[in-house]
Protein chains: 2
Amino acid sequence: MPATKTELFKTKDQRLAALARVLSHPARVAILKTLAKKNECICGEIVDVLPLAQATVSQHLKELKSLGLIKGQIDGPRSCYCIDRQALNECIDDLRSFFEELQ
Amino acid sequence: MPATKTELFKTKDQRLAALARVLSHPARVAILKTLAKKNECICGEIVDVLPLAQATVSQHLKELKSLGLIKGQIDGPRSCYCIDRQALNECIDDLRSFFEELQ
DNA sequence: TACTCTTATCGTAAAGATACGATAAAGCCC
DNA sequence: GGGCTTTATCGTATCTTTACGATAAGAGTA
């Protein structure tokens with residue numbers, strides 16, 4: 001029965017919810033903070049910082065990337081990640097205007 | 001095996017993730033917007049606005065309440081909900097400082 | 001070429017979230 | 001009291017998320 005009725009809501013609300021969803025795990029919050037601090041990181045550095053297995057971290061990175069918040073580029077045998085500043089700013093704006101609507 | 005390793009992360013990151021989690025469903029986003037617009041609503045009004053069954057809406061309201069973002073008070077046979085402005089402002093501050101850390 | 005390092009993906013198990021019908025509980029009106 | 005309205009909770013089905021081991025795939029190195 002429960003086939004997630006997400007599509008029945010307004011596009012804006014869906015988008016905001018999707019953004020909130022990627023921030024809804026402390027690992028992803030920590031990844032963003034780490035990337036912000038070091039500007040860019042190879043995957044292994046992030047794995048070292050988090051209390052999770054490499055496969056799990058890779059999965060979290062994938063989610064951040066699929067929402068566009070981070071970019072990843074291959075660097076030899078490594079993967080180098082960084083925050084997509086522009087996408088981040090758009091997300092911040094979305095959240096900001098949501099909160100303004102609430103106030 | 002997967003027993004959610006949330007507790008292994010920093011308290012601040014956990015808290016932010018928990019906040020993001022309640023915003024991670026469009027129904028809860030819509031509820032907050034509705035409450036903001038009308039200032040306060042009885043449960044039934046919210047049910048009328050959302051494409052979900054009463055039981056489901058009640059569940060979403062419970063989650064918003066348990067995080068403290070909304071307050072509910074019994075009004076005769078009805079339940080009257082409103083946004084907890086103070087709690088909301090604290091959440092906004094948390095998010096703001098998180099984004100500042102990212103920039 | 002063989003070997004090592006690094007990371008993504010697959011498969012899968014467990015936990016959590018979502019959704020709703022049914023029902024309980026509490027107040028109102030007659 | 002009896003019936004109606006309103007909402008919370010219970011039980012349950014299903015879908016989604018989280019987590020990790022195993023493995024594949026690609027790049028560098030001896």
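Just so we're clear, the structure is a prediction, and the values are computed from it rather than from any experiment. Every chain is numbered from 1, with letters handed out A, B, ... down the list of sequences.
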| note | Taken to the nearest whole Å, OH/A:Y81 to C1'/C:dT6 is 11 Å
| query | Does OP1 or OP2 of D:dT18 have a side-chain N or O of A:T56 closer than 4.0 Å? | reply | no
| Annotated protein contacts, base or backbone, on nucleotides 22-30 of chain D with a non-hydrogen cut-off under 4.0 Å, one of B, S, - each | B----SS--
| remark: Per the under-4.0 Å heavy-atom filter, residues of residues 58-71 of chain B near DNA chain D come out as B:S58, B:K62
| Are the side chain of B:Q14 and the backbone of B:F9 linked by a donor-acceptor contact shorter than 3.5 Å? | yes
| request: Give every residue pair that meets the ring pair (Phe, Tyr, Trp, His ring centres under 6.0 Å) criterion with at least one member in residues 61-91 of chain B, sequence neighbours excluded. | output: none
| Which residues pass the side chain to side chain donor-acceptor pair (under 3.5 Å) test with B:Q103, sequence neighbours left out? | A:N89
| said: Heavy atoms only, 4.0 Å cut-off, all strands: where does A:S79 land among base, sugar-phosphate and nothing? | reply: sugar-phosphate
| For A:D75, all residues meeting salt bridge (charged side-chain N to carboxylate O under 4.0 Å, His left out), sequence neighbours excluded | none
| For the pair made of CG in A:L8 and C1' in C:dT18, what is the distance, rounded to whole Å? | 13 Å
| query | Distance from A:L16 atom CG to A:T11 atom OG1, nearest 0.5 Å? | reply | 12.5 Å
| request: Take atom CD of A:Q73 and atom P of C:dA8, then tell me their distance rounded to the nearest Å. | output: 13 Å
| Neighbours of DNA chain C within residues 24-52 of chain A, by heavy-atom distance under 4.0 Å | A:I42, A:C43, A:G44
| request: Applying side chain to side chain donor-acceptor pair (under 3.5 Å), name anything that partners B:D84, two or more places apart in sequence or on another chain. | output: none
| How would you list all residue pairs meeting ring pair (Phe, Tyr, Trp, His ring centres under 6.0 Å) that involve residues 43-71 of chain B, not counting sequence neighbours? | B:H25-B:H60
| task | List for me each residue that meets side chain to side chain donor-acceptor pair (under 3.5 Å) alongside B:D48, sequence neighbours excluded, and say none if there are none. | result | none
| said: Test of understanding: with side chain to side chain donor-acceptor pair (under 3.5 Å), list the residues that count as partners of A:R21, not counting sequence neighbours. | reply: A:E63
| request: Output all residues satisfying side chain to side chain contact (heavy atoms under 4.5 Å, CB included) with B:Q54, sequence neighbours left out; order by chain, then residue number. | output: B:V47, B:S58
| field | Gap between atoms CD and P, on A:E7 and D:dC15 respectively (whole Å) | value | 13 Å
| Is A:R21 near enough to D:dT17 that one of its side-chain N or O atoms lies under 4.0 angstrom from OP1 or OP2? | yes
| message | Test of understanding: with side chain to side chain contact (heavy atoms under 4.5 Å, CB included), list the residues that count as partners of B:S66, not counting sequence neighbours. | response | none
